[in-house]
Structure formats: C-alpha cells, structure tokens
Participant: 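Starting off with a structure, shown below.
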Protein chains: 2
Amino acid sequence: MSTKPEIARSTSERLRESGLGSDISFLLARANALSVAAGNAALAPFGLKVRSFSVLALAAGDVRPTQRDLSEFLRLDPSQVVALIDELEKRGLVERRPDPADRRANVVVATDEGRALHTAASAATSAAERVLHGDVDEEDRRRLADLLGRIAYPR
Amino acid sequence: MSTKPEIARSTSERLRESGLGSDISFLLARANALSVAAGNAALAPFGLKVRSFSVLALAAGDVRPTQRDLSEFLRLDPSQVVALIDELEKRGLVERRPDPADRRANVVVATDEGRALHTAASAATSAAERVLHGDVDEEDRRRLADLLGRIAYPR
DNA sequence: TATTGTTATACTCTATAACTATA
DNA sequence: TATAGTTATAGAGTATAACAATA
C-alpha cells in the first residue's frame, strides 16, 4: 500500500505531464486502446469483436459494399476481410452475393438475423462508449467526432 | 477504371456517412491507425517504432520510471517492456539502474546518446504529426488533446 | 495487363503462466 | 504473502506473395 504524501505527484501523474503524455499521437493510441478494450468487452456476449462488428455494421446498412470496399474503408488486408466474412457467413449473419456490375466481386449484405444482432450489439457498444466518455458531454462529443474525422479522413 | 457520374457519391463516401463511419470509437481507431503508420514511417530512419520511441521518450525525461511504471503507463505487459528495453539497452540508448528505494526494481534512464536520438526523433514525429493534422489548426489541436486526455486518462 | 477474391505463410503484437529475487 | 523483473509460449493481429477467375 502506497502512503505517499499528498503533496508529491505520483510517478504516473508525472509521466502524464511529461512531453509524451500530452502528445496527440500518444493520447490517440491510449484512448483507442481503452476504446477497443471496452468495445470488445461489450461485444463479447454477442460473439463479436470490434473488427467483426464493424464488418457487420457496414453489411447491415444499405451501401452494399464489396469485399474490396470493406478492405479499403476498414484499412484491412483483403485476406483479413475474407476471414472475417467467412466467420460471419458461417454464423448466418451475412451473405456474399455476386456483384451484378462485376462478376469478380462479391457484395456483402447482412441477413435478417445479422441485422437483428447488429441492432442489439450497437446498443451495447453505445452504452460502453457513453461510460468511457463519461467525462465528455454531448456537445464535446460532436466536437471530438469532427476533429477526429479531419484526421481519420484526410483529403 | 470507374467512370462514375460526378453526382453519385462514391462507395467510400457512402460508407463514411453510414452509422459506423461517424462513430467516435471507429474514428478513433482509424485516426490512430493512420497516426501509427505515419509515426513508424517517420521513426524508421532512427531504427525506432512508436513503441520503442515512447519508452525512449519516457526514459529521456527526468521522471526515472521503473519498468513497472512504464508497463502501466504504456499499457504494455511487463514482458513486453523487458523486450523493448533489452533492445534499447543493446543499442546503448537506455540503461537499467537499480532503484535505490526497492532492490527488486530497475529504473530506466536514457544515456546521452539516447537523449540525443530522442531529440532528433521527436523532431521527425512532430513533423509527421503536423502533416497528418494538416486540417487542424493549433487551437483545435489543443482542444483535441484536451478531449482525448479525458478519455485516455479516466478517473 | 490489371483487379477481385482466395490461400498459404511468416512476422509482429499481445496475453498468460511460471520462475527468481526481493519486499 | 505479494510484487518486480524475467522467460517461455501460444494466440491474435498484420503483411506479403502467389494463384484462378474475370475485367
């Protein structure tokens, strides 16, 4: 048990106040690590992780992306997308359909069951996000999303 | 070659506008992926990656953290810290010194050479960060750091 | 000739357990 | 009895190259 004097800052506080600890890249890495951990924990009851959830989420919308689209948007190698879709398809959550515009390509769409699971899982991740962002109110969350978007989607 | 009409949004634009694409957790993951990639590229000429750079940065300050401190602050397993310090120590960039307060613990400090490399590498990562944050001005960078800090360092 | 999806493979990263020396 | 550092190992994540079908 540490019984340090109140006046002295702890080592972790001092590291936080050091150069690295206030670096945007480092804060980004740390915030993301916590976010992924919280997301995976919230998704575990659904048999999903943030990776497979993001594929399911995009398949559940009306965009009808090809595997190549998913690969580029999620910044995953095409071979990783194959593995993720294999797993979701085996569980009956998504389907590969031939792209009418290009017979090489598969369009990935969620099944009814997949959309239902996505809805339930979304509620869980949103709740986990609200806990993680407990210190950030709604207006600041919008501001944060805007700022992150400018970094996440460079021109 | 895709010769789509200008009026139609591309698939990636439509994915971006979908639910997931504006989710803070997803934006965080995507921004961090770009940040790590840019950081590793900027650090490659120095024989460093963001991981080893962060250890060197903390060792180059005056906090004198133990390996345990580094493990907790960087959210790395103690065994990973061992490997990172082994490598940096082999290159003469950091040293393990016995903690006078606890003979089980090692304090990690940068050598003169390590501090010099840290200074040079810091300039490179700052430059890469400015490129990545090209769309975000100084005031918004401060705001972003504040918002990220509230997520990265929960109470 | 180039691209989509696929398979195989290797490499990095991360997580876990067990051990030692000190506390 | 618990903690700091270490070692070993296995699992997850990532990157690369080669192939068949199609553009």
Side-chain angles (χ1 to χ4, degrees), chain A residues 1-3 11-12 29-30 32-34 36-37 39-41 43-44 47-55 59 64-90 94-109, chain B residues 1-4 11-12 29-30 32-34 36-37 39-41 43-44 47-55 59 64-90 94-108:
Chain A
M1 183 58 68
S2 71
T3 319
T11 300
S12 73
R30 217 181 127 99
N32 182 56
L34 294 175
V36 169
N40 282 338
L43 289 167
L48 295 170
K49 296 189 162 195
V50 290
R51 201 51 67 64
S52 44
F53 173 76
S54 63
V55 170
R64 301 178 75 85
T66 64
Q67 294 186 201
R68 179 67 43 168
D69 293 329
L70 295 174
S71 166
E72 286 167 6
F73 189 67
L74 297 174
R75 297 185 58 80
L76 298 174
D77 193 84
S79 60
Q80 298 174 51
V81 174
V82 170
L84 286 165
I85 296 178
D86 279 352
E87 190 204 318
L88 293 173
E89 194 169 44
K90 209 168 293 172
V94 304
E95 283 174 7
R96 281 181 241 241
R97 302 223 186 120
D99 183 346
D102 184 342
R103 286 195 300 173
R104 291 172 304 182
N106 295 327
V107 153
V108 183
V109 292
Chain B
M1 181 58 69
S2 71
T3 318
K4 296 173 183 171
T11 301
S12 73
R30 216 181 128 99
N32 181 55
L34 294 175
V36 169
N40 282 337
L43 289 167
L48 296 170
K49 296 189 163 196
V50 290
R51 201 49 69 61
S52 43
F53 173 76
S54 64
V55 171
R64 302 177 75 84
T66 65
Q67 294 186 200
R68 179 69 42 170
D69 293 329
L70 294 175
S71 166
E72 286 167 7
F73 189 66
L74 297 174
R75 298 185 57 81
L76 298 174
D77 193 83
S79 61
Q80 299 175 49
V81 174
V82 170
L84 286 165
I85 295 179
D86 280 351
E87 189 204 320
L88 293 174
E89 194 169 43
K90 210 169 293 172
V94 305
E95 284 174 7
R96 282 181 241 240
R97 302 223 185 120
D99 184 344
D102 184 342
R103 286 195 301 173
R104 292 171 305 180
N106 296 326
V107 154
V108 183

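Side chains are part of it too, since the values below use all heavy atoms of this structure and drop only hydrogens, waters and symmetry mates. In this text, all values refer to a predicted model and were calculated from it rather than measured experimentally. Numbers restart at 1 for each chain; the letters A, B, ... are given by sequence-line order, proteins then strands.
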Participant: Given atom CD of A:E89 and atom P of C:dG5, what is their separation to the nearest angstrom?
Facilitator: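 That distance rounds to 13 Å.
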Participant: For the residue pair B:L70 and B:L84, establish whether any side-chain heavy-atom pair is separated by less than 4.5 Å.
Facilitator: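 The answer is no; the side chains never approach within 4.5 Å.
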Participant: So B:S71, base contact, sugar-phosphate only, or nothing? Heavy-atom distance under 4.0 Å.
Facilitator: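 No contact.
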Participant: When every nucleotide of nucleotides 18-23 of chain D is labelled 5' to 3' by its protein contacts under 4.0 Å (heavy atoms), B for base, S for sugar-phosphate only, - for none, what sequence of letters results?
Facilitator: ---BBS
Participant: Rounding to a whole Å, what distance do you find between A:D86:CG and C:dG5:P?
Facilitator: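 About 13 Å, once rounded to whole Å.
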Participant: Could you tell me the separation between the CZ atom of A:R96 and the C1' atom of C:dG5, rounded to a whole number of Å?
Facilitator: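 Rounded to whole Å, this separation is 8 Å.
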Participant: Counting only heavy atoms from other residues, nucleotides and ligands, does the tally under 6.0 Å from CZ of A:R96 exceed 12?
Facilitator: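 Yes, CZ of A:R96 has more than 12 neighbouring heavy atoms, counting only those of other groups under 6.0 Å.
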Participant: Grab the N/O contacts between the protein and nucleotides 11-15 of chain D below 3.5 Å, and write none if there aren't any.
Facilitator:
| residue | atom | partner | partner atom | Å |
| --- | --- | --- | --- | --- |
| D:dT14 | OP1 | A:R51 | NH2 | 3.3 |
| D:dT14 | OP2 | A:R51 | NH1 | 2.3 |
| D:dT14 | OP2 | A:R51 | NH2 | 2.7 |

Participant: Would you tabulate the side-chain donor-acceptor contacts of residues 48-55 of chain A under 3.5 Å, counting partners in other chains and residues two or more places apart, or write 'none'?
Facilitator:
| residue | atom | partner | partner atom | Å |
| --- | --- | --- | --- | --- |
| A:S52 | OG | A:K49 | N | 2.9 |
| A:S52 | OG | A:K49 | O | 3.3 |
| A:S54 | OG | A:V50 | O | 3.3 |
| A:S54 | OG | A:R51 | O | 2.7 |

Participant: Can you tell me the distance, in whole Å, between the CZ atom of A:R97 and the C1' atom of C:dG5?
Facilitator: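 A:R97 atom CZ is separated from C:dG5 atom C1' by 18 Å.
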Participant: Starting at CG of B:L84 and ending at P of C:dC13, how long is that distance when rounded to a whole Å?
Facilitator: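 B:L84 atom CG is separated from C:dC13 atom P by 8 Å.
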Participant: Taking CG from A:D69 and P from C:dT3, how many angstroms apart are they, rounded to a whole number?
Facilitator: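 Rounded to the whole Å, the gap is 15 Å.
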Participant: Is there a side chain to side chain contact (heavy atoms under 4.5 Å, CB included) between A:V94 and A:I85? Walk through the geometry before answering.
Facilitator: CA-CA 7 Å; A:V94 304; A:I85 296 178; 4.1 Å; yes
Participant: When the distance from CD1 of A:I85 to P of C:dT4 is rounded to whole Å, what number comes out?
Facilitator: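 Result: 14 Å.
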Participant: Looking at every heavy atom in both A:R75 and B:A33, which two are closest together, and how far apart are they?
Facilitator: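 Of all heavy-atom pairs spanning A:R75 and B:A33, the closest is NE-CB, 4.1 Å.
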Participant: Keeping the roles fixed (side chain from B:R64, backbone from B:D99), state whether a donor-acceptor pair exists under 3.5 Å.
Facilitator: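 Not a single qualifying donor-acceptor pair exists.
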Participant: Keeping the roles fixed (side chain from B:S71, backbone from B:D77), state whether a donor-acceptor pair exists under 3.5 Å.
Facilitator: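 Between the backbone of B:D77 and the side chain of B:S71 there is no qualifying donor-acceptor contact (under 3.5 Å).
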Participant: Closest heavy-atom contact between A:A105 and A:T66?
Facilitator: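 The answer is CB-CG2, 4.1 Å.
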